[in-house]
Structure formats: structure tokens, C-alpha cells
Participant: 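Handing you a structure now.
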Amino acid sequence: MLIKIAKPSDLHESDVTPESIYLSRRRFMGGMAGLGAGLALSGHTQAAADDYSDVPEGDAPDWLKEKISDAKWDAITPSDPEKDKLAPFDDASQYNNFFEFGTDKGDPARHAGSLETQPWSVVVDGEVNNGGRFALEDLVKPAQFEERIYRLRCVEAWSMVIPWLGIPLAEIIKRADPTSKAKYVRFETLVDPDQMRGQRSSLSVIDWPYVEGLRLDEAMHPLTIMAMGMYGRELPNQNGAPLRLVVPWKYGFKSIKSIVRISLVEEQPVNSWQQIASDEYGFFANVNPEVDHPRWSQATERRLPNTLFNSNTIDTRMFNGYEDEVAELYAGMDLRKHY
Ligand code: MTE
């Protein structure tokens, strides 16, 4: 399926980034001079002009730095950058949900830093002809990284705009060569109570590992990515390093972090939140302003950052604004039933 260009869906796939922009961006990433007038004069989108100069340098291994510097920048951006302004890096990396490290929004930033993410391997198994355990670099290296600036809408009714770096999940699935029995993709997060204090907590409601799932056509959709970076650098641990899913038209809980297993399966997986409260959280979890959570409305959202005096409340859009691209996946389905 092709992504349509700059329609009401509020998305566009940019043209190939002019080489001058690539070069200035890459120079910047290499720690040299920031972006100059060349970019501003190029007439490219505002999003492209973000130079991430305030973002602290990470500690990525060399292969990942190389993949990032060769990324296709602004591959998908919001068509109205004024309306969909990037969240500052500090907000995106300090207001998190990652229950493996605690339930407070600040817990992941406080406690995930020491998670060992190098080396990292991922098991690809189930209904595939080409499965196995892969070193992360072998899994992702064959594909070019792309920057995807997406809205992230949490089921808790807050949202942010985040510039991810990653590859289409479809690239990984195609290489795994699914059998005809593969109908769904199931994902698992690392279980390591020694490193993940939330997994040691007797108060935890989650039966670890954190599990998520997608229907195969959702997983193959070009908007669905596996992210390894954000804001021009590798993912901070609290955002799901070294590898997380990002599905922009679904509530944020689908975007599972620190993935160690990807299984192609025949049956619809039961995801963690569905297991905890199936009347509140479904398998599909498509952003839908018309289907309220039993305990709160989903018609609006607080776009972060906001302040005590300005909640920055905006209307929530069907499929988080990606309706043109994904509505056809659900043609004929009762979305009240399949929430
Ligand atoms: N993945 C794991 N393994 N554990 C979690 O607790 N929380 C989810 C999702 N992925 C979660 C997870 C929820 S509820 C949301 S809203 C997003 O991560 C938040 O992503 P962010 O912290 O990068 O904004």
C-alpha cells in the first residue's frame, strides 16, 4: 500500500532530501558546525530545520552511529509543523511509561539508565522459514534508517510529537519469510528483574514479559516502524532502547519497548494490557475519539508540553490523524467492538 501525499491526513512523504541538507545534517551529527542558512533557504519544511542542538549526545555503538548518519532525514513529517511541534527532547525522555522501571512518569528516566543494551540480540521465530537469534546490528543493518516524525497518543489522553529513527518493521518480517500460517506478530520485552526494578516489585500488575501484538497487515504497513533512535541519536533507555515498536495510529501502549523476541503466530496474541483489563484495553487499540475509555473520554488529548495554566487540550483525531493511510485495514469492522 502506498502512502498518499499531503492530504487531509496531515502527513506527507518528503521528496528525496537534497544532498546539501544531508551533508549539513551529517556534519552536524558529527559534532561540527550546526545547520546554517543553507537549510533555511532551501525551502524545506520546518521539521527539517530542527538541528537537535540541545539534545545530549548519546553513547551509541559505532555501527548505530553510522546507520544514523546515513539516515533519510524527514522521510515522513507532519504537514503542519506549526500545529504538530516537536516535543522538546527533555519532555520526550523524562515523561515516560515503562513499567519495567516503575509506574511514576519519572521512574524510567531515573532507573533505566543502567540497562545493558549492548550487545543485544533478538529472537525471530514461530511461523517463519528464516528464523533464529540475530545480533541487533544484523537484524537492522540491511535497511536504511529513516526519520519519521509521528504523533504519539497515549491511551491516558496525553500526546507528543516525536522524531523517531528506525526502519519499517516490514523489512524484518520479509527477511524472516513468514509461512502461510502466519497471521499475527507477537512481541516480547526483556525479562531481567536484576536490571528492571519494576519486575521485582510485588505490586506489579503485569505478568512479565510485557507482550504486544499486531495483525500481519498492520505489521507490514509502511507507517509501522522499529525505532532505534530519536532526535538524531540513539534511543535513551527509558524510551525503549535498543529497539522498540512505533505504530502511530494506535494508542502508545502498543509501541512495546526493549524488544527481545518477534514471533510470527497463527492466533491473535493476548497483549499485556488486555490481559490486565480486557474491558478497558483491547487488541486493536486504534486511536478513536468516538470510543471512550470506560473511565475517561478519548475525544480530546493534552498535547505536551503543557503548563499548569494552559493544558494545551486539542481534539483527538480518528486513527491519530493517519486515517487516509490506515482506515482501509479496518474496512467493515465494528470499531466499537474491536477497540
Ligand atoms: N513497553 C514496555 N515494555 N513496557 C511499558 O510499560 N508502556 C507503553 C509503551 N511501551 C510500555 C511499553 C505505553 S503505555 C506508552 S504510552 C509508551 O510506551 C510510551 O512511550 P514513551 O515513554 O517513549 O513516550
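Order of listing sets the numbers, starting from 1, for every ligand and every atom in it. Since the structure is predicted, the reported quantities are computational estimates derived from the model, not experimental observations.
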Participant: State whether the shortest distance between N or O atoms of N239 and N or O atoms of ligand 1 falls below 3.5 angstrom.
Facilitator: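 For ligand 1, there is an N or O atom that lies under 3.5 Å from one belonging to N239.
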
Participant: When you look for heavy atoms under 4.0 Å from ligand 1, do you find them on the side chain of L152, its backbone, both, or neither?
Facilitator: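 Looking at L152 and ligand 1, just side chain atoms fall under 4.0 Å.
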
Participant: Does a donor on one side chain and an acceptor on the other come within less than 3.5 Å for E301 and S159?
Facilitator: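 Yes.
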
Participant: Is S258 close enough to touch ligand 1? Criterion: a residue heavy atom under 4.0 Å from a ligand atom.
Facilitator: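 False for this residue.
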
Participant: Is the distance between the ring centroids of W273 and Y281 less than 6.0 Å?
Facilitator: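 Centroid distance W273-Y281: below 6.0 Å, so yes.
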
Participant: May I ask which of P108, G252, G198 has a heavy atom nearer to atom 15 (C) of ligand 1 than the others do?
Facilitator: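 Of the listed residues, G252 has the closest heavy atom.
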
Participant: Is R244 in contact with ligand 1, taking contact as a heavy-atom separation below 4.0 Å?
Facilitator: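 Per 4.0 Å heavy-atom rule, R244 contacts ligand 1.
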
Participant: Does any N or O of ligand 1 fall below 3.5 Å from an N or O anywhere on S255, backbone included?
Facilitator: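 N/O-N/O distance below 3.5 Å exists for this pair.
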
Participant: Counting non-hydrogen protein atoms only, what is the nearest one to atom 18 (O) of ligand 1? Give residue, atom name and distance.
Facilitator: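 Nearest protein contact, heavy atoms only, for atom 18 (O) of ligand 1 is K257 CE, 3.4 Å.
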
Participant: Does only the side chain of F98 get under 4.0 Å from ligand 1, or the backbone, or both, or neither? Count heavy atoms.
Facilitator: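 Both backbone and side chain.
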
Participant: Which heavy atom of the protein is the closest neighbour of atom 5 (C) of ligand 1, given with residue, atom name and distance?
Facilitator: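 Heavy-atom neighbour on the protein nearest atom 5 (C) of ligand 1: Y210 CE1, 3.4 Å.
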
Participant: Is the distance from the ring center of F319 to that of Y322 below 6.0 Å?
Facilitator: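 No, the ring of F319 stays outside the 6.0 Å limit from the ring of Y322, centre to centre.
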
Participant: Is K174 salt-bridged to E171, cutoff N-O under 4.0 Å?
Facilitator: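 Salt bridge: no.
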
Participant: Could you tell me whether W158 and Y95 have their ring centroids closer than 6.0 angstrom?
Facilitator: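 Yes, the ring centres sit under 6.0 Å apart.
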
Participant: Side chain to side chain contact (heavy atoms under 4.5 Å, CB included) with T179: which residues, sequence neighbours excluded?
Facilitator: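 T179 satisfies side chain to side chain contact (heavy atoms under 4.5 Å, CB included) with E127, N129, K181 only.
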
Participant: Near I256, which atoms of ligand 1 are under 4.0 Å from a heavy atom of that residue?
Facilitator: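 Answer for ligand 1: 1 (N), 10 (N).
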
Participant: Mind checking whether T189 contacts ligand 1 via backbone (N, CA, C, O), side chain (CB onward), both or neither, at a 4.0 Å heavy-atom cut-off?
Facilitator: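 Within the 4.0 Å criterion, T189 contacts ligand 1 through side-chain atoms alone.
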
Participant: Is E100 touching ligand 1 with its side chain, its backbone, both, or neither, if touching means heavy atoms under 4.0 Å apart?
Facilitator: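 The answer is the side chain.
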
Participant: Considering non-hydrogen atoms of the protein only, which is the closest contact for atom 6 (O) of ligand 1, and what is the distance?
Facilitator: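 Nearest neighbour among protein heavy atoms for atom 6 (O) of ligand 1, to 0.1 Å: F99 N, 2.7 Å.
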
Participant: Connecting only ILVMFWY residues whose side-chain heavy atoms lie within less than 4.5 Å of each other, what is the rest of I314's hydrophobic cluster?
Facilitator: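 Once heavy-atom contacts under 4.5 Å are chained together, I314 still belongs with nothing else.
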
Participant: Kindly indicate whether the side chain of I225, heavy atoms from C-beta on, has any atom under 4.5 Å from the side chain of V246.
Facilitator: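 I225 reaches V246 side chain to side chain.
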
Participant: Answer yes or no: does an N/O atom from N97 fall short of 3.5 Å to an N/O atom of ligand 1?
Facilitator: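 The answer is yes, given that N97 and ligand 1 share an N or O pair closer than 3.5 Å.
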
Participant: Please identify which atoms of ligand 1 are closer than 4.0 Å to at least one heavy atom of C154.
Facilitator: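 It comes down to these atoms of ligand 1: 16 (S).
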
Participant: Does NZ or CZ of R175 come closer than 6.0 Å to the centre of the six-membered ring of F134, within 45° of the ring's axis?
Facilitator: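 Output no; distance or angle outside limits.
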
Participant: Could you tell me if the ring centre of Y210 sits under 6.0 Å from that of F99?
Facilitator: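 So the answer is no for these two rings.
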
